[in-house]
Asker: 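What follows is a structure written as structure tokens; I'll ask about it next.
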Amino acid sequence: MKETPLSSCERNSVISAIQKGLRHDNREFLEVRDINISFGKDFGSCTVTLGLTRVLAQVTCEVVEPRPSRPSEGKISISVHLSPMAAPHFEPGRGNDLVEELQQILDRNIKESRCLDLESLCILAEESVWQLRVDVTVLNHAGNLGDACNLASVAALRHFHRPDVTVEEDGRVTIHTLEEREPIPTFMKKVPVCLTYAFFMVDEKCHMLMDPSDLEERVMSGKLIVGLNPHGEITSMMFPGRVALQKREIMNCIQNAFLKAKASAEMVARVVDDDVMKRKSLVKPAGYTNCLVSDSTYRRKKIDELIENEIRGEFVVPEEPMEEGGPKIEDRMYDSEEEEEEEESTESSIPKKPVQAAVNKTKKETASMSDSEEEETGQTLTAKDLQ
């Protein structure tokens, strides 16, 4: 299925808005969409959400023979999968330019940058090493797949733990399960980051913006993809598009990318370390249920967050998703107040004299019943005394 082309009105609307310094999602030109990283129940399973773009990365491992040229280094392979679930124009089992572009970005940023210590994956030199396989699946395409795929792959690799092994004297290799021995984490020397900048040529003037959406990618004249790490090393640069960039524009992108790369790398490291610490403290991982708004775990998590904010003095009434036509929170609060006022008015409207008279009557009946009981008791005692 071919992608539906944009109409002239949509294209002109996006270009005219960018010319006036506006974006259709109310972002600044150098503002990134919200990023959310979550992990599954197994090590190395990671989902990254960049706005509405969602990518799943899964890391697996197996024991293979090393390359003859590098007998003491492990292997790593990365593959990208696009399905019609992500976008209607993606055809299963058929490659396109987008798959090749994403594959090239991940190979340059992760494999060729040597961010992983491949020597730590060696089990027995010249005989057996670990091979890590990263499968990246695009779940929803809403623009800027390069940044999302790179972020998901890096987070999954950093989160992955491989099984421990024992090498016998005769060269036999025993792979222990996760219950027998603690798994070994993957050592990552550097955290590579990928940042995308889109360019629009309007009236011979170049407008640059960051993290383009799907609509902006279909209108842009070209883009610059910068791969780098927080240590100031550029791992890759790609210029897909039909625009000729000047040296000053490229330097501006690189300087901005260095500032963003450090924050992104720290975020990945913090999220991964927090999840690993929870697993070590015997906290059962909830998996991807935290991403589902309709799940009870998600609701319980939000309630806990609201309680913590209330304790800190930062409580804010949340906007709960209600059904169409249902009452809002404010309406329910007002209804409860009105009901309380009605109850108070009803109680005040009841006459007190009849109530007091009923209470006095009850007291008199109780007193008369107690007197009759005493008389019966006295008669019984007198009969016994006579006998």
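When reading the values below, keep in mind they use all heavy atoms of this one structure, side chains included, and skip hydrogens, waters and symmetry mates. We count residues from 1, following the sequence as given.
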Asker: Can you confirm whether more than 12 heavy atoms, excluding those of Gln19, are under 6.0 Å from its CD atom?
Answerer: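 Yes, enclosed.
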Asker: Show, in sequence, the C-alpha distance, side-chain angles and deciding distance for Ile225 and Cys194, and conclude whether the side-chain contact (heavy atoms from CB on, under 4.5 Å) test is met.
Answerer: CA-CA 7 Å; Ile225 303 174; Cys194 178; 3.4 Å; yes
Asker: Consider side-chain contact (heavy atoms from CB on, under 4.5 Å). Of Leu151, Asn150, Leu157, which one does Val154 pass it with?
Answerer: Asn150
Asker: If the condition is ring pair (Phe, Tyr, Trp, His ring centres under 6.0 Å), which residues does His141 pass it with, not counting sequence neighbours?
Answerer: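 His141: ring pair (Phe, Tyr, Trp, His ring centres under 6.0 Å) contacts with Phe90.
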Asker: Under the 3.5 angstrom rule, does the side chain of Asn140 hit a backbone N or O of Leu52 as a donor-acceptor pair?
Answerer: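 Yes; at least one donor-acceptor contact below 3.5 Å.
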Asker: Does Phe199 belong to the same Ile/Leu/Val/Met/Phe/Trp/Tyr cluster as Ile250, with side-chain heavy atoms less than 4.5 Å apart forming each link?
Answerer: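 Per the 4.5 Å side-chain linkage, Phe199 and Ile250 are co-clustered.
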Asker: Can you tell me if Thr235 uses its side chain to pair, donor with acceptor, with the backbone of Ser113 under 3.5 Å?
Answerer: no
Asker: Using side-chain hydrogen bond (donor to acceptor under 3.5 Å, both in side chains) as the criterion, list what pairs up with Arg248, not counting sequence neighbours.
Answerer: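 Once residues adjacent in sequence are excluded, Arg248 has no partner under the side-chain hydrogen bond (donor to acceptor under 3.5 Å, both in side chains) criterion.
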Asker: Salt bridge check, Asp25 against Arg27: does any charged N sit closer than 4.0 Å to a carboxylate O?
Answerer: yes
Asker: Among residues at least two apart in sequence or on other chains, which ones pass side-chain contact (heavy atoms from CB on, under 4.5 Å) with Gln58?
Answerer: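 Listed in chain order: Ser45, Thr60.
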Asker: Just to verify, what does Asn26 make a side-chain hydrogen bond (donor to acceptor under 3.5 Å, both in side chains) with, not counting sequence neighbours?
Answerer: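 None.
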Asker: Are Arg114 and Glu73 within salt-bridge range, i.e. N to O under 4.0 Å?
Answerer: yes
Asker: Do Glu62 and Arg133 have side chains that approach each other closer than 4.5 Å (heavy atoms only, starting at C-beta)?
Answerer: no
Asker: Quick test of your reading: applying side chain to side chain donor-acceptor pair (under 3.5 Å), list the pairs with at least one residue in residues 182-191, sequence neighbours left out, ordered by first then second residue.
Answerer: Lys190-Glu233
Asker: With sequence neighbours excluded, give me every salt bridge (charged side-chain N to carboxylate O under 4.0 Å, His left out) pair touching residues 215-229.
Answerer: Glu3-Arg218, Arg23-Glu216, Glu101-Lys223
Asker: NZ of Lys111 to CD of Gln103: how many Å apart, nearest 0.5 Å?
Answerer: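 Result: 8.0 Å between the selected atoms.
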Asker: May I ask whether Trp130 and Val134 are part of the same hydrophobic cluster, defined by side-chain heavy atoms of I, L, V, M, F, W, Y residues being less than 4.5 angstrom apart, directly or through others?
Answerer: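 Hydrophobic grouping puts Trp130 with Val134.
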Asker: Can you run down the side chain to side chain donor-acceptor pair (under 3.5 Å) pairs that involve residues 253-268, sequence neighbours left out, and say none if there aren't any?
Answerer: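 Pairs touching residues 253-268 that pass the test: Tyr197-Asn256.
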Asker: Which side-chain N or O atoms in residues 268-276 pair as donor and acceptor under 3.5 Å with protein atoms at least two apart or in another chain?
Answerer:
unit_1	atom_1	unit_2	atom_2	d
Asp275	OD2	His159	NE2	2.7
Asp275	OD2	Arg279	NE	2.7
Asp275	OD2	Arg279	NH2	3.4

Asker: Restricting to salt bridge (charged side-chain N to carboxylate O under 4.0 Å, His left out), what partner residues turn up for Glu10, sequence neighbours left out?
Answerer: none
Asker: For Thr166, which residues count as a side-chain hydrogen bond (donor to acceptor under 3.5 Å, both in side chains) partner, sequence neighbours excluded?
Answerer: His176, Arg181
Asker: Just by distance, do the side chain of Thr53 and the backbone of Ala142 share a donor-acceptor pair under 3.5 Å?
Answerer: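 Yes, Thr53 side chain to Ala142 backbone: donor-acceptor pair under 3.5 Å.
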Asker: Does a side-chain heavy-atom distance below 4.5 Å link Leu132 with Phe160?
Answerer: yes
Asker: Is any side-chain heavy atom of Gln131 closer than 4.5 Å to one of Ser77?
Answerer: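 Yes, side chains in contact.
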Asker: Can you check whether Asp107 reaches Ile105 side chain to side chain, under 4.5 Å on heavy atoms?
Answerer: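 With C-beta onward as the side chain, the pair stays apart.
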Asker: By the ring pair (Phe, Tyr, Trp, His ring centres under 6.0 Å) test, which pairs, at least two apart or in different chains, include something from residues 201-234?
Answerer: none
Asker: Side chains of Leu139 and Val55: closer than 4.5 Å at any heavy-atom pair?
Answerer: no
Asker: My understanding is that only residues two or more places apart in sequence, or in another chain, count here; which of them pass side-chain hydrogen bond (donor to acceptor under 3.5 Å, both in side chains) with Arg108?
Answerer: none
